[in-house]
Amino acid sequence: MSSLPLMSAYELSRLIKNGELSVREVCENYIDRARRLDGSLHAFNTLCPETALADADRIQKQISDAELDSPLAGVPVSVKDNLCTSGVLTTCSSKMLADYIPPYDAFAVKKLRENGMPILGKTNMDEFAMGSTTETSCTGAVKNPWNTAKTAGGSSGGSAACVAAMLSPVSLGTDTGGSIRQPSSFCGVTGLKPTYGAVSRYGLIAFASSLDTVGTIGRDAVDCAALFSIICGHDKKDCTSAKNFRFDFNKAVSKKTEKKRIGIPEEYLTGNISPEIKSAVLNAAKILSENGMEVDTFSFPVSDYAVSAYYIISSAEASSNLARYDGIRYGFHADSDSIDSLYIRTRSEGFGAEAKRRILLGNFVLSKGYYDAYYKKAVRAKQIIADKLEEVFSRFDVILAPVYPRTAPDLGENLSPAELYTADVYTVTANLAGLPALALPCGFDGEGIPLGVQLIGRRFSEAGLFNLGRGFQLITDYHKRIPEGGRP
Ligand code: GLN
């Protein structure tokens, strides 16, 4: 029993199907761990032990009756708190939605239920997914399981910490500008930001609709791929959902690694990057090249525009998406005697500082006098970046890049918004171009905190990225190490 959390989600499901483990005992084990360990991590906003166990018994019956054919049947999962769960609080870590209980499931959540995965709880995050450390959460920051004085990253810090500390075998996160890949790197787990449109955004509380994606976090590429195979697919309720995407799960998890041409952007290794990360990324490139991959560098000067374009576009969309929180229809409501003061008080008290900063920035770049100078220019820069990447992918199959220029900051380090924003330079490009990207553990810093590398591919090349990521994990063991405090 005690070694159970060390097993991969895929392995757990196999043992459940064989009858060697019951869904209930697996679920109870994780609930017990979450109760014991989450006090010091704060990875969860909400735990749902009763519904998880009731679901476990129902799922057990379906598995015993051979009614469920799913790679993760019976495996419990945690879900980021910006994905709607019917009957369960969905707060976005914001006072604005602190009491919000959705009457419906997000598409990805519905898929979890259909595939027999009990939901353990909702994970802590930056408020409305805006941030890089979960310190903008109205419930307080998530702590890094490798060192509780450090941040777990953000915005999906709760999901990444859950998987790293084995409070849930796998987790759903969201990535608008790096929010799956960066916390996955800080916590030493594997995370996929899918192609825009590969997973429906129905029921995902919107931050920046043209960039938002729902993705997966697991301890290795196989678990991430298995969860992705469950949540991807067309959904007519999301008009940006891809119609003809078929994910080749067998190729993704095959032990035979396809040969790939891998390119590294030169600019990513010469800018403001910590020497430890640079050497870990180059070491990952060396390992891949020694194992049959062609590796070369290329020049990518347009990456200079990425952060500005991302913050202008994402804030513009956020200002529009967050306009719905007016204290009238749902969410937090401040008592007032006039309509103006109702709006002002509700929004002043309901949103935290970072959400307000994005709303102000978004309104500014969309305003009449500045629209052309900022928003329109940012959309042009986005297109230039996408075009350049198209060219890059005629020469290479995969881009190998750092995830973040530095290792996990200390909690309370008080980084300025400008410092935090510029550090998103390696992750936002995949969102601007709608490309899939897989973050993998690739080393540790001098303090024993994990470091990550990302593989970025062509649109809908998830199976190829997983195949390469799995190949990397077959010959390395960074993903197998676990944090001391989290040991079973
Ligand atoms: N750091 C990025 C931001 O604050 C990440 C956002 C995300 O991917 N949700 O906007």
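Counting starts at 1 for both ligands and their atoms, in listed order. We use all heavy atoms of the structure for the numbers below, so side chains are in, but hydrogens, waters and symmetry mates are not.
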*Among T134, N124, N82, whose side chain to side chain donor-acceptor pair (under 3.5 Å) with S93 holds?*
N124

Side-chain donor-acceptor contacts of residues 275-282 below 3.5 Å, not counting sequence neighbours, with atom names and distances?
{"residue": "E276", "atom": "OE2", "partner": "G446", "partner atom": "N", "Å": "2.7"}
{"residue": "K278", "atom": "NZ", "partner": "L269", "partner atom": "O", "Å": "3.3"}
{"residue": "S279", "atom": "OG", "partner": "E276", "partner atom": "O", "Å": "3.4"}

*Checking side chain to side chain contact (heavy atoms under 4.5 Å, CB included) against Y305, which of L432, T429, I385 comes through?*
I385

*Over 60° means perpendicular and under 30° means parallel, so classify the ring planes of F472 and Y478, tilted if in between.*
parallel

_Ring centers of Y100, Y325 separated by less than 6.0 Å_ = no

*Can you list, by chain and residue number, every protein residue with a non-hydrogen atom closer than 4.0 Å to ligand 1?*
A129, M130, G131, S132, S155, D175, T176, G177, G178, S179, F207, Y310, Y311, R358, D424

_Partner of I119 by side chain to side chain contact (heavy atoms under 4.5 Å, CB included), out of V88, D105, V109_ = V109

